[in-house]
Every structure is written in structure tokens, then in C-alpha cells.
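First up is the structure itself, then whatever we jot down about it.
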Protein chains: 2
Amino acid sequence: MSSSTTNDTPAPRPHQGRRAVISREDLMAAALKLVGPHRSVSTLSLREVAREAGIAPNSFYRHFRDVDELAVTLINQAGSALRQIIGEARTRATSERSVVRSSVEAFMEQLRADQKYLHLLLREGTVGSDAFKQAVETQLGFFEEELCQDLIRLAALKHTGIYQPQLVARAITRLVFTMGAMAMDMPEEKHPALVDQVETMVRMIILGTQSMAQADSSL
Amino acid sequence: MSSSTTNDTPAPRPHQGRRAVISREDLMAAALKLVGPHRSVSTLSLREVAREAGIAPNSFYRHFRDVDELAVTLINQAGSALRQIIGEARTRATSERSVVRSSVEAFMEQLRADQKYLHLLLREGTVGSDAFKQAVETQLGFFEEELCQDLIRLAALKHTGIYQPQLVARAITRLVFTMGAMAMDMPEEKHPALVDQVETMVRMIILGTQSMAQADSSL
DNA sequence: CGCGATAATATACATTTGTATATATAACTG
DNA sequence: CAGTTATATATACAAATGTATATTATCGCG
């Protein structure tokens with residue numbers, strides 16, 4: 001487990017022979033165009049993606065072994081992109097209160113701006129092939145890990161205890177993602193209220209773990 | 001919104017004409033046999049279900065308009081069945097501690113015993129048609145509602161405050177279901193550890209809402 | 001230029017799907 | 001016993017899908 005995104009781009013060779021008129025990225029973009037609130041990646045057909053990209057069906061095989069492989073690549077890409085954005089939002093904020101708020105806000109904002117891209121992580125982790133599900137799980141694991149470190153850091157900084165930070169990170173991550181998935185089916189004007197709700201939920205968890213830490217240390 | 005399960009069984013008419021050799025329930029059972037960790041209801045084909053049930057493809061139309069309608073019925077059935085089980089577990093327990101524990105345990109036990117049935121509520125709420133998603137959302141809403149009443153009742157009983165019980169109920173419900181979905185891809189021997197984790201998560205949320213209620217009342 | 005290599009396409013085929021149409025079967029009604 | 005009606009099947013068809021095979025196009029290199 002060295003890097004987040006498996007670097008499966010086979011390096012642009014000094015192309016002997018016909019130059020590629022289409023790239024893996026083009027196919028991934030085409031696939032992204034097709035997914036949405038009513039369409040999941042796991043239901044995309046090879047021909048459909050090829051059609052959208054404007055190539056012959058068989059040309060697909062030059063770039064991916066099947067649609068599943070494309071989907072996994074897409075998931076990894078979406079995961080690292082989102083993690084970078086959330087990470088930036090987190091470092092901008094300093095106090096605990098604003099860390100929670102700005103992280104959740106950044107998440108939801110990204111949701112609003114780029115629904116297609118987040119779909120993969122939010123909704124499709126539960127259906128599809130094993131490789132598919134595991135890719136989503138891996139990305140969520142990265143989120144948990146980063147959040148966990150942040151929680152520990154913040155607890156030390158503010159001298160508040162934290163009970164089982166790993167568990168806390170997992171609960172928060174899953175909750176935020178689940179609520180994000182809900183938001184995607186709601187009209188945008190309801191998003192602010194939902195951000196508030198999610199923030200409160202997260203704060204409850206944090207308060208809870210702090211209470212448990214106190215109880216634990218006073219034994 | 002009067003009842004939880006939409007009663008779409010058209011009442012066994014005094015069947016004039018040929019007696020039905022197959023029922024809606026048979027078709028639903030056949031569909032259930034086909035779903036699993038690697039197969040989602042939304043990908044079931046009409047012919048596939050008909051084949052499993054041992055009828056001609058066209059006979060399907062006598063019972064459901066399409067596979068989506070069958071899926072929605074299945075979801076409703078799964079929802080009310082699970083709610084009943086959890087409800088029984090809840091009434092058996094009295095103290096707050098055991099309410100949390102036994103509810104989570106009942107949920108996970110049901111998960112272990114009858115994976116097929118829970119799949120619908122756990123994993124398929126995010127993909128599929130609108131009717132599909134809304135059916136799952138409705139069932140989850142019922143869970144939230146019942147849990148909310150329980151939380152209020154318990155808070156009054158134990159004289160602990162509760163801040164925004166509706167939000168608490170939603171957070172707990174979503175979290176438990178999400179973790180349940182995770183469990184379905186894990187070997188069974190890891191389930192006990194997961195039950196402990198989920199229980200801790202729930203307890204954190206409850207502790208958190210109690211803290212917030214105290215802070216709120218001391219203004 | 002010609003030659004080899006790579007990328008893309010064309011054509012084809014067997015499957016599977018949803019559904020339309022027509023027909024057979026069984027049960028109740030008179 | 002007809003007759004009516006709900007139920008199930010048979011056959012058929014167009015559309016779509018994944019992929020195998022063969023062909024064409026385009027580039028770099030000698």
C-alpha cells in the first residue's frame with residue numbers, strides 16, 4: 001500500500017505505429033458523462049461507453065480489459081481528487097469547530113459542483129463486482145485514516161480526550177458519505193439545511209467520544 | 001401515509017377462470033433467490049426471474065407490470081419484516097444499555113441469518129429507479145421514526161436530555177445500516193467484533209446528544 | 001520509399017433481453 | 001353441458017450486448 005491511486009497508466013510510449021487518437025482518459029470522461037443520479041457505472045455497457053467516446057466497440061479493449069477495470073480506475077481517481085479537496089479545506093481551518101464545519105461544507109460543495117464524480121464513491125460501493133466494491137472500500141479507508149490522524153491531532157491540541165479514534169473516524173466518514181448520497185436526490189435548496197444536520201451529527205459523535213474518554217481515564 | 005406496507009395484494013378474488021398456478025409471492029421468492037452479495041435486484045431481468053420461478057416470461061406480466069414493481073414490493077416486505085424483528089428485540093430489553101445492544105445484535109443476527117432479505121434495504125437504495133430508491137427511503141424513514149419515539153421515551157425514563165432526537169435517530173439508523181452493508185462482505189467470524197464497534201458508535205452518538213441537551217438547557 | 005508495428009475499424013455471430021400476438025388450458029357460471 | 005373468463009404458454013421479432021476475426025489506416029524507422 002504505497003500510493004493512493006494505482007498508477008496503471010502505461011506511460012506514453014514513443015508510439016511506434018499509428019498514434020492513439022483516443023486515450024484512457026477520454027474513455028473515462030465518456031463513462032463519467034453517462035453516470036448520474038439515474039445511472040450507475042456498473043450498468044454501463046462497453047458499447048455504450050465506446051459510443052459516447054466516438055470509437056468502435058472493439059477499440060475499447062486497447063485501453064481497458066473490461067468496463068469493470070475502467071470503473072475501478074475512475075473510483076481511484078475520484079477518491080484521490082476528493083481527498084485532496086477535503087484536505088485543503090481541513091488545513092484552512094484551525095479550530096475544531098471550523099474543522100468540522102468546513103470539511104462538511106467542502107464535501108457538500110463538491111457534491112453540488114460535481115455530482116458525477118462523487119457518485120462513484122457515494123452510491124456504487126455496495127453493488128457491482130468485488131474489485132469494484134473493494135476499490136471504493138479502499139478509498140473510504142484512506143478518508144478514515146486521514147480523518148483519524150486529524151482527530152488525534154486536534155484532541156491533543158485542545159486537550160480533549162478521544163476514545164477509539166479509529167472508530168470515530170469510521171463512523172463520521174460513513175455517516176457523511178451516506179448523507180451525501182441522500183443529498184444527491186434532493187433539490188439543491190435543501191442542501192444547506194442538510195449541511196447543518198450533518199454537522200450536528202458529527203459534533204454529537206465527537207462529544208460522545210470525548211465523554212467516553214473522560215469516563216475511561218477516571219477509572 | 002396510513003400504513004407501512006402498501007397493501008398491493010389484490011385480494012384473492014373468487015377466481016373465475018383458470019386458477020393461478022403461481023402467485024406474486026412465488027415470483028418474489030424466485031427473485032430473492034437470485035439476489036445476493038454479487039447480484040442486485042436492479043440488474044435482474046424479467047426472463048431470469050420467470051425462469052427461476054418456472055413460468056413463461058410473459059406470465060410475469062399477470063403479476064407485476066415490470067421487475068421494478070416486483071422490487072418495490074420486495075423492499076416493502078423486507079422493511080416491515082425487519083422492523084418487526086427489531087421491534088421485538090427492543091421491547092424485550094428495558095435499560096438503555098441493553099436496548100442499544102440488543103437492537104444492534106438483533107439487526108446483525110438477522111443479517112447473518114437472512115442476507116438475501118436485507119440486501120434490498122442495505123445496498124440497493126442508492127441505485128435503480130426513482131420508485132426503487134424512494135421505497136427504500138420510505139422504509140428507512142419508518143425505522144427512524146420508531147427509533148425516534150424510543151429515544152424520547154428512554155430519555156424521559158432515565159431523565160437524560162436528548163437534543164434533536166429526530167436527527168439522532170437518523171444518524172443511528174444510517175450508521176447501523178451502512179455498517180450492516182459492510183458486514184455482508186465480511187466473513188462471519190468478524191461479525192461479533194463489528195457488533196461491538198457499532199454499539200460503541202451508537203453509544204457515542206447518544207452520549208453526544210445528551211451532552212448537547214445539557215448545554216442547551218443551561219442557557 | 002517500403003516495412004513492421006500499433007491503433008482503429010468493419011463485419012459477423014451467438015446470446016439475451018423485453019414484449020407483441022396468438023393460442024391453449026382450466027375453472028367457475030349459467 | 002356450453003360459455004365466459006382469467007391464466008398460462010408458444011412463437012416470434014427487433015434491439016442490444018460482448019467478443020472473435022479480419023481488414024484498414026497511420027505512424028516511425030531503416
Side-chain angles (χ1 to χ4, degrees), chain A residues 8-31 33-35 38-74 127-132, chain B residues 8-31 33-35 38-74 127-132:
Chain A
D8 27 20
T9 317
R13 318 180 206 166
H15 51 285
Q16 175 165 355
R18 183 175 187 169
R19 191 173 306 155
V21 315
I22 210 172
S23 65
R24 288 168 66 97
E25 286 70 30
D26 292 324
L27 278 172
M28 289 165 67
K33 262 200 259 182
L34 293 172
V35 305
H38 300 283
R39 201 65 204 285
S40 95
V41 203
S42 39
T43 68
L44 289 184
S45 79
L46 184 150
R47 288 182 107 108
E48 212 172 351
V49 177
R51 208 180 306 133
E52 179 69 34
I55 62 171
N58 265 325
S59 302
F60 186 95
Y61 293 117
R62 297 272 162 194
H63 304 282
F64 297 99
R65 193 148 49 84
D66 50 28
V67 198
D68 240 65
E69 192 177 288
L70 188 157
V72 168
T73 312
L74 266 182
V127 285
S129 70
D130 283 344
F132 204 102
Chain B
D8 27 20
T9 316
R13 318 177 206 169
H15 52 283
Q16 175 164 355
R18 180 175 187 169
R19 191 172 306 155
V21 317
I22 211 171
S23 65
R24 287 168 65 96
E25 287 69 30
D26 292 326
L27 278 172
M28 289 164 66
K33 263 201 257 181
L34 293 171
V35 305
H38 299 284
R39 200 67 203 284
S40 98
V41 202
S42 40
T43 68
L44 288 185
S45 80
L46 185 150
R47 290 182 106 108
E48 212 172 350
V49 177
R51 208 179 306 136
E52 179 70 35
I55 63 170
N58 265 327
S59 303
F60 186 95
Y61 294 117
R62 296 276 161 192
H63 305 282
F64 297 98
R65 193 149 50 82
D66 48 28
V67 197
D68 241 64
E69 193 177 286
L70 187 156
V72 169
T73 313
L74 265 183
V127 286
S129 72
D130 284 343
F132 204 104

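Here the structure is a predicted model, which is why all the values come from computation and not from measurement. FYI, side chains are in, hydrogens and waters are out, and symmetry mates aren't considered; it's all heavy atoms of this structure.
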Looking only at C/dC28, C/dA8, C/dA5, the nucleotide nearest the B/Gln16 side chain is C/dC28
Please find the pair of heavy atoms, one from B/Leu70 and one from B/Ala31, that lie closest to each other, and give the distance. CD2-CB, 3.6 Å
Hey, does the side chain of A/Arg18 come within less than 4.0 Å of C/dA5's phosphate (OP1/OP2), counting only N and O? no
B/Leu27 CG - D/dA8 C1' separation (whole Å): 12 Å
If you take all heavy atoms of A/Pro57 and A/Ala50, which pair is closest and at what distance? CA-CB, 3.8 Å
Report the distance from atom CG of A/Leu44 to atom P of D/dG18, rounded to the nearest whole Å. 10 Å
Looking at every strand, decide which applies to A/Arg62 at a 4.0 Å heavy-atom threshold: base, sugar-phosphate, or nothing. base
Using whole Å, what does the distance between atom C1' of nucleotide C/dT19 and atom OH of B/Tyr61 come to? 5 Å
Is B/His63 near enough to D/dA8 that one of its side-chain N or O atoms lies under 4.0 angstrom from OP1 or OP2? yes
For A/Ser40 and A/Val35 the tightest heavy-atom approach is C-CG1, 4.5 Å
Indicate the atoms forming the closest heavy-atom contact of B/His63 with B/Arg24, along with that distance. O-NH1, 2.9 Å
Residue pair A/Val41 / A/Ala71: nearest heavy atoms and the distance that separates them: CG1-CB, 3.7 Å
Pairs under 3.5 angstrom, nitrogen or oxygen only, protein versus nucleotides 14-17 of chain D, please.
residue : atom : partner : partner atom : Å
D/dT17  : OP1  : A/Ser45 : OG           : 3.1
D/dT17  : OP2  : A/Arg51 : NH2          : 2.7

Got a donor-acceptor contact below 3.5 angstrom from the A/Asp66 side chain to the A/Glu69 backbone? yes
If you pin B/Ser59 and A/Asn58 to their nearest nucleotides in DNA chain D, which one's is more 5'? B/Ser59
On a plain distance test, is the side chain of B/Asp66 in donor-acceptor contact with the base of C/dT19 below 3.5 Å? no
Integer-rounded Å distance: C/dT17 P and B/Phe60 CZ: 13 Å
If you compare all heavy atoms of B/Val127 against all heavy atoms of B/Phe132, which two are closest, and at what distance to 0.1 Å? O-CD2, 3.8 Å
Provide, to the nearest angstrom, the distance between the CZ atom belonging to A/Arg65 and the C1' atom belonging to D/dG18. 14 Å
Could you state the CD1-C1' distance from A/Ile55 to D/dT24, rounded to the nearest angstrom? 17 Å
